[in-house]
Amino acid sequence: MLIKDGIRMDGRKPDELRPIKIEAGVLYRADGSCYLEWGGNKIMAAVYGPREALPRHIQDPTKAIVNARYNMASFSVEERKRPGPDRRSTEISKVTSEALESVIFTELFPRTTIDVCIEVLDAEAGTRCAGITAAAVALADAGIPMRDLPVACAAGKIDGTIVLDLSSEEDKEGEADLPVAIAPRNEEILLLQMDGHLTYKEFEEALELAIKGCKEVVKLQRKALLNKYKTFEVE
Amino acid sequence: MLIKDGIRMDGRKPDELRPIKIEAGVLYRADGSCYLEWGGNKIMAAVYGPREALPRHIQDPTKAIVNARYNMASFSVEERKRPGPDRRSTEISKVTSEALESVIFTELFPRTTIDVCIEVLDAEAGTRCAGITAAAVALADAGIPMRDLPVACAAGKIDGTIVLDLSSEEDKEGEADLPVAIAPRNEEILLLQMDGHLTYKEFEEALELAIKGCKEVVKLQRKALLNKYKTFEVE
Amino acid sequence: MLIKDGIRMDGRKPDELRPIKIEAGVLYRADGSCYLEWGGNKIMAAVYGPREALPRHIQDPTKAIVNARYNMASFSVEERKRPGPDRRSTEISKVTSEALESVIFTELFPRTTIDVCIEVLDAEAGTRCAGITAAAVALADAGIPMRDLPVACAAGKIDGTIVLDLSSEEDKEGEADLPVAIAPRNEEILLLQMDGHLTYKEFEEALELAIKGCKEVVKLQRKALLNKYKTFEVE
Amino acid sequence: MDIPEVKRVSAVKRDHLARLAKEGKRPDGRGPDEYRPIKIERNVIKKAEGSARVKIGNTMVLAGIKLEVGEPYPDSPEEGAMSTSAELPPLASPEFEPGPPKPDAIELARVVDRGIRESKYIQLDKLCIEPGEKVWIVFIDLHILDYDGNLFDACSLAASAALQKAVIPNERYGFGDNEPLPVTSPPVSCTFVKYENFIVVDPNLDEEQIAQARFTVALDKNGDIRAMQKGLKGSFTIDEIKNNIKRAQIHAQKIRKLLEE
Amino acid sequence: MDIPEVKRVSAVKRDHLARLAKEGKRPDGRGPDEYRPIKIERNVIKKAEGSARVKIGNTMVLAGIKLEVGEPYPDSPEEGAMSTSAELPPLASPEFEPGPPKPDAIELARVVDRGIRESKYIQLDKLCIEPGEKVWIVFIDLHILDYDGNLFDACSLAASAALQKAVIPNERYGFGDNEPLPVTSPPVSCTFVKYENFIVVDPNLDEEQIAQARFTVALDKNGDIRAMQKGLKGSFTIDEIKNNIKRAQIHAQKIRKLLEE
Amino acid sequence: MDIPEVKRVSAVKRDHLARLAKEGKRPDGRGPDEYRPIKIERNVIKKAEGSARVKIGNTMVLAGIKLEVGEPYPDSPEEGAMSTSAELPPLASPEFEPGPPKPDAIELARVVDRGIRESKYIQLDKLCIEPGEKVWIVFIDLHILDYDGNLFDACSLAASAALQKAVIPNERYGFGDNEPLPVTSPPVSCTFVKYENFIVVDPNLDEEQIAQARFTVALDKNGDIRAMQKGLKGSFTIDEIKNNIKRAQIHAQKIRKLLEE
């Protein structure tokens, strides 16, 4: 029983996000960075680049390569995770790199890489969306030119109801999870994955809800970037 | 009891091969290819090259490098094999590379590699000989100039009798296995390995039988190459 | 009970070294080499270089890179050691490289590496000091210019007494181990590690004893190098 | 960090495909909703508990099933387990390199795995031997033999076909007679790519090389969605995604018939 | 052979620091015996059994503690075990590269480990569950977030702080209520570097990059020595080493107070 | 794909050796059927259960034997097991590189292993401790110290000599007194190379570097063949192979005497 009288176990309504806190420019060494808390998730993202791609034979003479590396700290999960990439994180790194590259003007920086490091420090469902959201802020903080600020959020199905932003328990016990990343301005889909069971109708509903979620989150991203700017002004 | 009244458990006479089926030019992407069935073995071989050897520091300015890679599919054996090379396949790759390089005019293609991929899809004793035999057809199909068409076949000893082309059970229960690859025109030995127990006399007999086997197999290789040529003419 | 009436379990006095035997120039292929027995330790050290550092991007245009590789043979310890570097040997390789580089005139050989191979063939406590001591002789044998001949020796604490050069049992049961490498001429500290429990006073005593030990060992190193020189003269 | 391989396609080829796309034409003459010929052969590997070789046009893949006895996961002590791997061996393409699976191969295996897992195709609850102690582990190994595009659908189809007639190797373990692997209804996967705003099903290699975005959906026998994956560096509009799914529902029905023959 | 990375510092910066050093000045204006501001936050990670984020100036590290049930070592059947790992992820510095731990990270983890182990900070003898069969294994994972020098002290401090308030996760294993991890008094680590014959505590990145020698000492609550490590390619005189230890004894007392707040 | 290392020998040296070969002469003055001096020292490593250092000319190798308790293979529940590894450490030659064993080292270890295994030198059936549960595993580790050619024979001889006087470490495991490892009669390996149609036994490094083909045969005490391996990129005629074996039978008898001293 994950939902009762329209209220989820953690007290949220079906279309309600978990609490989100975003801070831009939190690291000293990185060219851009972001610390994000989203429900029980704690994510640190850093961006380095554009910088010369090395070794040289990997350089693309027409554009920058976007390398996102999603990594879970060994203490971020219930059972300690062995350090280093596993198959899951390799796939997430790949789809995250692709989603972010969609919005970056990579052709401005031939022969370079833009490295995006996403460290999951504390994990509680929805880390890939949280990671992309944090990475987007870090990219903006690094001054990487983008045609839009990407943002991600998942919808899902629990007890037959389409809901926004699954919690850990909902993810485990629920019927479907649909993480989505978009370029919010014209609602282009940058990332979309799904596993579970959705009829076509349910999918339409879930996609709409996920996009609605994205549009709420993007406001928080913008606020975080603005806050950093303000801080600089005050200083 | 592996042999009774001069007849082996699978009905073969001591000097009889298992059934062999060879087809050349079966792959679309490869420069040359061969599909071979030999008893219960199913082998796919592909050749790529000569092509520039990379990274450059491995190039030999005087000749092509021949790289054979023998690999067993994880489902090709009774107990699932973990993917990737093990010590056995590393050794077979090495001796196969050396045997094939013996007949290739490598000095015609300095700074290149000729890559030979041998995939064992279904395995039943004698895969290294079957692999070399298939690789030879794939090399010819790729138009790689060779001074002869290499071919391989094993002889062995079971119940004290020298026999041709061991089956899986004979290999396990028998007393010796002698895989041999030759350049058939002048009977040069390109590969020879042996484990088990043979007197010098028995070795002479086994070697002679293995070479006899090779000479039967080479006819099938030639027929397969001819068939492909004919097919092209008809088309 | 590791010490009784001022005598240690193997009959040594607190400030006494285990028996040491050093031979220089024992290998044919290496540019310099040394075989050393120190208590139950048997060490072979070889030096190659200075030679061009490869791949090129690791070259330092201002000086030679000193690469020491400390390795334990799989049969050198009670329980067979899996071949290849582990975390312990990686750390020892690092501090050994740094200690040796301290005394080598690396700026004379830009863009090169000086490779120092230390193989522990039989191990009985104190292998890192024995390895550095052997490596120093091998470096001198290779004619690598050094501002001093480095040497290493450990002191430690057992049953509350500061002693020189711990044996295997003393290392296991004792209270502290302090391996030290020095440039003996002016007593510079090239390597210093410690684990256990020492008051500051005890540390002063132990360091003094370790340096005294080093100064005894350096005499044996010099003798070994002289012996080799003499041997050449005689030949 | 795994650097995604720079895909080099000649400018000439790219321009040619772009021109064709503007006229709604594909390089091999197919319509945008046309699959290449599909061929399924089952039980081609004697040593495997199940196997299938699938050709889609020139693309050829082999799926082999092996079962082993292993321990169940602690949180499902009465259920078997499944594991899907893909190898892109140098045999299948001049671009493939030997070595452990790269991100491409891992994504491929995981997408195929999700389709099978989420449609509950393998009845894992019937693969318990001894609760909490011993269960069957089903290994699905995808071996690419010839790569001319659309590995997602070829591998998914080969896995489904191989599992369909697979057996539990009771004899090898002394557990009695072999029996059929308990399966339900297979998922069917449909893949689209988009280039020059042209969206086509079942891309061949040329199309994949210039594609900006890829979309795969795995459907169950009711046409419901069990898994999806958007890939590559471009984007889709919401309507394109919805349209892809509707198109896939029609394709999947036809492909399902091939599986049921 | 692991080739120690060539550290490139501009000649200008090197000269600048050398000139300052001759006047006994440091690049950020500190005195030779002055730490940067230290900040400790505990229990920052919910999933970890213990955690602490430590900042020393701009350097920021996170230590996370996880406990697992495992087998004891044969020679100490009634004792728990501990294992310390450090990651230098590309997030924390443009010079860090992904991949398995390199010699730098291994040395760092091992030096932190020795300080904790030799001061018997974790009471391993109280971590036995079933003698010879089951004990608690304490995993200390050091995750660098921002690298501006002196990782040795930052990591040691973070590990000590994280262990201080860590719990034994009995509940997760059905062993009853969680309880505090039994610890004694933490070690405190002090690190010095020497450049241009100038020896300073708590080096920042600029100082580390031109340093000729490094010295770390871990002290217990009595100021006794529990672990030491000299690093880098230069040397110290005997008096310098002795002096470092005496200076460390003073610093350690102050840092210990932060830990006990 | 492991790229076989390009072996570079100067043209001058190659020509010199070719000229000598035409006159039936070898670079170090030996006849074609002459081994370099062989020296065997046993029990040189205290920590090993058996050991031997073998020199053939300037080539020096060390074999160390370790025994561990492990599980038997399912198909031979009452037999011990053996495992042979070879390391070509950078210590032994400027061409050797650190890292996991490359194809050269793997071939070397496997050929030595086959000689011992096929001649049933170790009586594995006497190494069962508890049927189906516990057996002795014999580890043969070959450590090259100085490489001047013919590692196959040097390693085979070192392994044979080390096993000859090895012990079962019962004491370490609390099984009672140590006892001799049960062995029968050792195999003896003989290696030939061919260059410029000149076939010589016991090649030194110069000869190996220009050799076109290599042949190793392991013979038992009756002169029967237990293992063979042809290597390198050239070929032998049938008569050359036969002749090599006959020559080896004579050499093996002499070498066997050294082992029995």
Side-chain angles (χ1 to χ4, degrees), chain C residues 25-35 37 39-52 54-55 67-85 89-90 93 113-125 127 131 134-135 138 142 168, chain F residues 36 43-53 55-70 83-101 105 109 137-149 162 166 169 171-173 204-205:
Chain C
V26 294
L27 297 179
Y28 174 72
R29 295 298 302 281
D31 296 328
S33 60
C34 172
Y35 178 69
E37 294 184 1
N41 294 308
K42 297 193 183 72
I43 313 269
M44 184 71 85
V47 168
Y48 288 94
R51 55 182 174 179
E52 192 189 6
L54 289 176
N67 278 319
R69 180 178 179 265
Y70 166 98
N71 185 51
M72 298 191 94
S74 44
F75 45 74
S76 67
V77 281
E78 202 71 20
E79 297 281 316
R80 177 176 184 266
K81 191 195 156 294
R82 275 188 57 191
S89 65
T90 300
S93 294
T113 54
I114 296 169
D115 295 302
V116 181
C117 310
I118 299 168
E119 296 287 332
V120 179
L121 305 174
D122 214 348
E124 196 235 335
T127 56
S168 201
Chain F
R36 292 168 292 178
N43 294 329
V44 292
I45 303 300
K46 217 177 136 189
K47 282 275 168 36
E49 268 77 83
S51 60
R53 181 165 49 222
K55 286 188 186 182
I56 303 186
N58 290 316
T59 288
M60 173 160 54
V61 309
L62 184 57
I65 311 298
K66 291 297 292 180
L67 266 73
E68 282 184 9
V69 173
S83 163
T84 308
S85 307
E87 280 212 72
L88 307 183
L91 174 107
S93 164
E95 293 93 29
F96 293 168
E97 286 175 8
I137 320 262
V138 182
F139 289 92
I140 303 169
D141 281 292
L142 303 165
H143 209 88
I144 315 305
L145 295 175
D146 217 350
Y147 170 47
D148 190 30
E171 286 169 25
R172 192 164 74 234
Y173 287 86
N204 70 14
L205 182 65

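For Leu205(F), the part lying near chain C is the side chain, with the backbone staying farther off; criterion is any non-hydrogen pair under 4.5 Å. Interface remark: Asn71(C) contributes side-chain atoms only to the contact with chain F (heavy atom separation under 4.5 Å). For Lys66(F), the part lying near chain C is the side chain, with the backbone staying farther off; criterion is any non-hydrogen pair under 4.5 Å. Contacts between Ala45(C) and chain F at a heavy-atom distance below 4.5 Å involve the backbone alone (N, CA, C, O).
Note that the CZ atom of Phe139(F) and the NZ atom of Lys81(C) stand 13.0 Å from one another [nearest 0.5 Å]. For the atom pair Leu142(F) CG and Ser74(C) OG, the distance stands at 9.0 Å (nearest 0.5 Å). Rounding to the nearest 0.5 Å gives a distance of 5.0 Å between CE of Met44(C) and CG of Leu145(F). Here the straight-line distance linking atom NE2 of His143(F) with atom OG of Ser76(C) works out to 8.5 Å at 0.5 Å rounding. In this structure, the separation between OH on Tyr48(C) and CG on Leu91(F) is 6.0 Å, given to the nearest 0.5 Å.
Closest approach of Met60(F) to Leu27(C), counting heavy atoms only: CE-CD2, 3.5 Å. Between Cys117(C) and Pro90(F) the shortest heavy-atom distance is SG-C, 3.7 Å.
Taking the side chain as every heavy atom from C-beta outward, Asp141(F) and Arg80(C) approach each other to under 4.5 Å.
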Test log, rule side chain to side chain contact (heavy atoms under 4.5 Å, CB included), inputs Lys42(C) and Val44(F)
CA-CA 9 Å; Lys42(C) 297 193 183 72; Val44(F) 292; 5.7 Å; no
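With hydrogens and angles ignored, the 3.5 Å screen pairs no side-chain donor or acceptor of Lys46(F) with any backbone N or O of Glu124(C). A distance-only check finds no donor-acceptor pair linking the side chain of Arg69(C) to the backbone of Pro89(F) [under 3.5 Å].
Every side-chain contact (heavy atoms from CB on, under 4.5 Å) that Ser93(F) has, sequence neighbours left out, goes to Arg29(C), Glu95(F), Phe96(F), Tyr147(F).
Ranking Gly64(F), Ser51(F), Pro100(F) against chain C, the residue ahead of the rest is Gly64(F), based on heavy-atom pairs under 4.5 Å.
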